[in-house]
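Quick notes on the structure that follows.
Source: prediction; values computed, not measured. Proteins get letters first, then strands, A, B, ... in listed order; numbering begins at 1 in each.
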Protein chains: 2
Amino acid sequence: MAKVAKFDREAVIDIATKLYWKKGFHATSMRNLQDAIDMRPGSIYAAFGSKEGLFTETLRNYTDMGIEQLKQCRRENSSPIEALKAFMKAQVIDTQNSAPNGVCMLAKTINELTNENQALIDITKAHLGEIATEFVKLIEEAQVLGEVDNTKSAQELATHIQIQLVGLRTYGKVNNDKAQLNNIIDNIFNHYPF
Amino acid sequence: MAKVAKFDREAVIDIATKLYWKKGFHATSMRNLQDAIDMRPGSIYAAFGSKEGLFTETLRNYTDMGIEQLKQCRRENSSPIEALKAFMKAQVIDTQNSAPNGVCMLAKTINELTNENQALIDITKAHLGEIATEFVKLIEEAQVLGEVDNTKSAQELATHIQIQLVGLRTYGKVNNDKAQLNNIIDNIFNHYPF
DNA sequence: ATTTTATTTGAGCGATCGTTCAAATAAAAT
DNA sequence: ATTTTATTTGAACGATCGCTCAAATAAAAT
């Protein structure tokens, strides 16, 4: 054996996630990343391969954080639907002021990239699918508990939630009104299709 | 007087709109624009001032096209709500295959830009507001005709529509299923809050 | 202590970025 | 025909882009 890597890979990916989430793939330069994570080009390329390679790891990190946050909401709520509602409020309202960006990093990436980065688009789509699957699990649980009509398709309801999340997080950036956003989310669960 | 500009300003803005809409502000280079509109840097800068200046004109053009499309839908439908539904289907479904980009250029811009381009963000927000105002007018018309419960806030319903549009256009890019998108839009108008 | 080797450094590569401007051009005015 | 002047051209500016790699470094193995 020989010299061992001294940088904290998780910490580096966390910082890179914040930067990419805030500025997007194209507007984040390797120089920006070098400064933020305090690594020189050679080390970054040795560890992550390329700008795309590092971005890929931040997409994974962002998605894992979201899924973990959803599970945390589930632990804190006896009702799966209340857990889902709490998650939506955290994602739509709380992120507007505290997170690197109020909008969903995955939606932002889908919006930003073109065929020129098809591999990144495919990964992003897959991650959105993973999150939708977590929604499905929660909704099916709610159906078992009788909180949601079990003749409805859990997959369709999950899609509905994801569409609301993406739409609301962008709207929240345009009109950051916590009370209004709160009402809108309450209404989503008080009416069709829930 | 002297030599007169020979380029077609509207045609140039149309082409620039398509490019910016497709690739976004940062990923569209002036070189890309020069090639697409067949003008040399000096002419572009004389006519539009800067990359931001030209982008601003394309935002205006994009918004005008959307509002015109909405009015066209109104002319083709005796019912204002049917007109709104037709508009949504055109924006969500038809654009996925024919337009430069399936997602809304204004939403894409809100998602992409940061404080570093606050002026462009402010313009984009204002344009989203203009479109919402057109939705309000249509909904108020529907309320007069008894198509929509007139105890509801037309402004809130318009916001609801805009959130659905943004969410659906991004979802359409992830899962381009015409039949499913069509059903989702039908459901929006068959249930709460309509 | 010396050797081995994974890691880190940072100068610098060629390409491209947004932009400028002096010179060339061409249509209107004389 | 000549002058005037708005427009167009395109070379080129300094800055920055993503990325490479030879040299320096430092921790583990001997």
Side-chain angles (χ1 to χ4, degrees), chain A residues 1-13 15-59 109 112-121 123, chain B residues 1-13 15-59 109 112-121 123:
Chain A
M1 293 294 265
K3 192 177 177 182
V4 91
K6 81 167 204 288
F7 74 93
D8 181 337
R9 191 175 179 93
E10 283 190 26
V12 162
I13 293 173
I15 294 172
T17 302
K18 286 175 188 163
L19 209 54
Y20 273 130
W21 184 5
K22 181 181 182 186
K23 304 185 64 169
F25 179 72
H26 284 115
T28 303
S29 70
M30 289 307 293
R31 187 63 207 267
N32 293 153
L33 289 160
Q34 290 166 36
D35 294 345
I37 69 186
D38 191 30
M39 285 175 74
R40 264 40 65 196
S43 294
I44 298 176
Y45 279 82
F48 302 104
S50 66
K51 189 186 181 185
E52 284 202 25
L54 179 51
F55 187 69
T56 300
E57 300 230 25
T58 68
L59 286 175
T109 300
E112 177 184 4
L113 300 183
T114 65
N115 303 330
E116 290 170 28
N117 297 100
Q118 190 61 48
L120 294 178
I121 291 180
I123 290 168
Chain B
M1 292 296 261
K3 191 176 177 181
V4 91
K6 80 165 206 287
F7 74 92
D8 181 338
R9 191 175 179 93
E10 283 190 26
V12 161
I13 292 172
I15 294 171
T17 302
K18 286 175 188 162
L19 209 52
Y20 273 130
W21 184 6
K22 182 181 181 185
K23 304 185 66 170
F25 179 72
H26 284 116
T28 304
S29 69
M30 289 307 292
R31 186 62 207 267
N32 292 154
L33 289 161
Q34 289 165 37
D35 294 345
I37 69 185
D38 192 29
M39 284 174 75
R40 263 40 64 195
S43 294
I44 298 176
Y45 279 82
F48 302 104
S50 65
K51 188 185 180 185
E52 283 204 20
L54 179 51
F55 187 69
T56 300
E57 300 231 26
T58 67
L59 286 174
T109 301
E112 177 183 5
L113 300 184
T114 65
N115 303 331
E116 290 171 28
N117 297 100
Q118 191 60 49
L120 293 177
I121 291 180
I123 289 168

Exercise for the section: Take nucleotides 12-17 of chain D nucleotide by nucleotide from the 5' end and write B, S or -, depending on whether a protein heavy atom sits under 4.0 Å from the base, only from the sugar-phosphate, or from neither. Expected result: -----S
Rounding to a whole Å, what distance do you find between [X]:[atom1] and [N]:[atom2]?
X       : N      : atom1 : atom2 : answer
B/Tyr45 : C/dT20 : OH    : P     : 7 Å
B/Ile37 : D/dT9  : CD1   : P     : 11 Å
B/Ile44 : D/dT7  : CD1   : C1'   : 14 Å
B/Phe7  : C/dA26 : CZ    : P     : 17 Å
A/Asp38 : C/dT9  : CG    : C1'   : 12 Å
A/Phe48 : D/dG18 : CZ    : P     : 16 Å
B/Leu33 : C/dG18 : CG    : P     : 8 Å
A/Arg9  : C/dT8  : CZ    : P     : 11 Å

Exercise for the section: Give a yes or no on whether the backbone of A/Met39 and the side-chain of A/Ser43 come within a donor-acceptor separation of less than 3.5 Å. Expected result: no
Exercise for the section: Would you confirm whether A/Glu112, through its side chain, and B/Glu112, through its main-chain N or O, come within 3.5 Å as a donor-acceptor pair? Expected result: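 Answer holds: no.
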Fill in the blank from the handout: Judged by nearest nucleotide, the residue sitting upstream toward the 5' end of DNA chain D, B/Met39 or A/Ser50, is B/Met39
Partner residues of [X] under the side-chain hydrogen bond (donor to acceptor under 3.5 Å, both in side chains) criterion, sequence neighbours left out:
X       : value
A/Ser50 : none
B/Thr28 : none
A/Asp38 : A/Arg40

Handout entry: For B/Tyr20, ring pair (Phe, Tyr, Trp, His ring centres under 6.0 Å) partners two or more places apart
Key =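 B/Tyr20 satisfies ring pair (Phe, Tyr, Trp, His ring centres under 6.0 Å) with B/Phe55 once adjacent residues are dropped.
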Exercise for the section: Choose from C/dT9, D/dT9, C/dT7 the nucleotide whose nearest atom is closest to any side-chain atom of A/Ser43. Expected result: C/dT9
Practice task
Between D/dT9, C/dA27, C/dG10, spot the one nearest the side chain of B/Arg40, thanks.
Solution key: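 Selected nucleotide: D/dT9.
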Practice task
Starting from the first five and the last five pairs of the helix from C/dA1-D/dT30 to C/dT30-D/dA1, work out the angle between the resulting helix axes, to 10 degrees.
Solution key: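 Between the first-five-pair axis and the last-five-pair axis there is 0°.
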Exercise for the section: Sequence neighbours left out, what pairs pass salt bridge (charged side-chain N to carboxylate O under 4.0 Å, His left out) with at least one residue falling in residues 43-57 of chain B? Expected result: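 Qualifying pairs, neighbours excluded: B/Arg9-B/Glu57.
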Practice task
Not counting sequence neighbours, which residues clear salt bridge (charged side-chain N to carboxylate O under 4.0 Å, His left out) with A/Glu116? List them please.
Solution key: B/Lys23
Exercise for the section: List in chain and number order the residues that pass salt bridge (charged side-chain N to carboxylate O under 4.0 Å, His left out) with B/Asp8, two or more places apart in sequence or in another chain; answer none if no residue qualifies. Expected result: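 Testing B/Asp8 for salt bridge (charged side-chain N to carboxylate O under 4.0 Å, His left out), a comparison that skips the adjacent residues, returns none.
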Exercise for the section: Name the nucleic acid region contacted by B/Gln34, choosing base, sugar-phosphate or nothing; use a 4.0 angstrom heavy-atom cut-off, strictly under. Expected result: base
